[in-house]
Amino acid sequence: MVSRRTKAVAQLGIAVLTTVWMVSMRRLLRSSDDESHEPTPLSPSGVAVGWAWGIGQVWAYDRDSWGVRTSRRRGMAVSLVGIGVQRRLLPRTESFQYSFGLGRVLGVVVYRTWYGLLRPLPGDD
């Protein structure tokens, strides 16, 4: 069985790779000669909301809030509710959605660097 700490470090690595990929694709589009593919401007509120969302997700998972870590059924239900909240309450503009996604992975990077790499994971094992 894989330890929670190993999973947390793997999650950190995936989040870092995702961040690098998102930023690289944005730069690639910006440097493109084709003007029809102008990169989407960043939305500061989208980055902030995504950052808080990403941290909140891993925080709830680490502490097993509502049983999201120990019960697959509850974890899936909370994920589906989260998707519904995102679709109903958050702006659907391309700028906000991209910024939200970037902020979300940055939030996971920050949280997993602190809890998982530098410090022990919170919650019971």
Side-chain angles (χ1 to χ4, degrees):
M1 179 174 245
V2 179
S3 73
R4 283 183 56 219
R5 184 165 181 105
T6 302
K7 287 180 185 179
V9 171
Q11 187 179 32
L12 171 62
I14 290 168
V16 167
L17 290 174
T18 301
T19 303
V20 169
W21 179 79
M22 289 179 79
V23 170
S24 297
M25 291 305 295
R26 183 175 172 80
R27 284 189 180 153
L28 180 67
L29 288 175
R30 184 179 293 151
S31 67
S32 174
D33 293 335
D34 186 6
E35 292 181 20
S36 65
H37 290 97
E38 191 65 29
T40 305
L42 281 178
S43 164
S45 60
V47 173
V49 171
W51 186 78
W53 193 280
I55 287 176
Q57 280 186 316
V58 289
W59 180 89
Y61 182 84
D62 280 352
R63 287 158 180 79
D64 200 23
S65 299
W66 311 292
V68 296
R69 185 178 73 231
T70 54
S71 170
R72 287 182 187 226
R73 185 172 285 155
R74 278 191 227 147
M76 181 63 74
V78 168
S79 293
L80 291 174
V81 168
I83 291 169
V85 167
Q86 286 177 34
R87 289 185 178 241
R88 292 284 185 178
L89 300 180
L90 299 180
R92 302 291 298 160
T93 65
E94 186 178 347
S95 173
F96 188 90
Q97 291 296 312
Y98 173 81
S99 301
F100 178 84
L102 182 62
R104 187 171 162 207
V105 295
L106 289 173
V108 172
V109 167
V110 168
Y111 185 92
R112 281 293 171 227
T113 298
W114 188 250
Y115 290 112
L117 192 63
L118 300 175
R119 299 188 54 158
L121 295 171
D124 298 333
D125 282 327

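Numbers for residues simply follow the sequence, beginning at 1.
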All heavy atoms of G101 vs all of M22, minimum pair found to be C-CE, 3.8 Å
Quickly, which of R112, R119, R69, R5 forms a salt bridge (charged side-chain N to carboxylate O under 4.0 Å, His left out) with D62? Name it, please. R112
Are the side chain of E94 and the backbone N or O of P41 linked by a donor-acceptor pair below 3.5 Å? no
State whether the side chain of Y98 and the backbone N or O of G46 hold a donor-acceptor pair below 3.5 Å, judged by distance alone. no
Heavy-atom count around R73 CZ within 6.0 Å, excluding the residue itself: above 12? no
Are the side chains of F100 and P91 in touch, meaning some heavy atoms are under 4.5 Å apart? no
Which value, rounded to the nearest 0.5 Å, describes the distance between T18 atom OG1 and Q11 atom CD? 10.5 Å
Rounded to the nearest 0.5 Å, how far does CD1 of I83 lie from CZ of R87? 7.0 Å
Look at the rings of Y111 and Y115 and say which category their plane angle falls in: under 30° parallel, 30 to 60° tilted, over 60° perpendicular. tilted
Honestly curious: do V20 and I14 fall in one hydrophobic cluster under the side-chain, below-4.5 Å linking rule? no
From L121 atom CG to K7 atom NZ, the distance as rounded to the nearest 0.5 Å: 11.0 Å
Flag yes if W114 and I55 sit in one hydrophobic cluster, no otherwise; membership is Ile, Leu, Val, Met, Phe, Trp, Tyr, and two members link when side-chain heavy atoms are under 4.5 Å apart. yes
Are the side chain of S43 and the backbone N or O of F96 linked by a donor-acceptor pair below 3.5 Å? no
List the steps and the verdict of side chain to side chain contact (heavy atoms under 4.5 Å, CB included) for L102 and R26. CA-CA 11 Å; L102 182 62; R26 183 175 172 80; 5.9 Å; no
V2 and V9: same hydrophobic cluster, using ILVMFWY side-chain contacts below 4.5 Å? no
Same cluster (ILVMFWY, side-chain, under 4.5 Å), V85 and Y61: no
Is W51 atom CH2 crowded by more than 12 heavy atoms from other residues, nucleotides or ligands, each under 6.0 Å away? no
Out of V108, V105, V109, which residue meets the side chain to side chain contact (heavy atoms under 4.5 Å, CB included) rule with V16? V109
Hey, what do you get for CH2 (W21) to OG (S24), rounding to the nearest 0.5 Å? 9.5 Å
Show the numbers, then the answer: is there a side chain to side chain contact (heavy atoms under 4.5 Å, CB included) between V81 and W66? CA-CA 13 Å; V81 168; W66 311 292; over 6 Å; no
To the nearest 0.5 Å, atom CG of L17 lies from atom CG of L12 at 9.5 Å
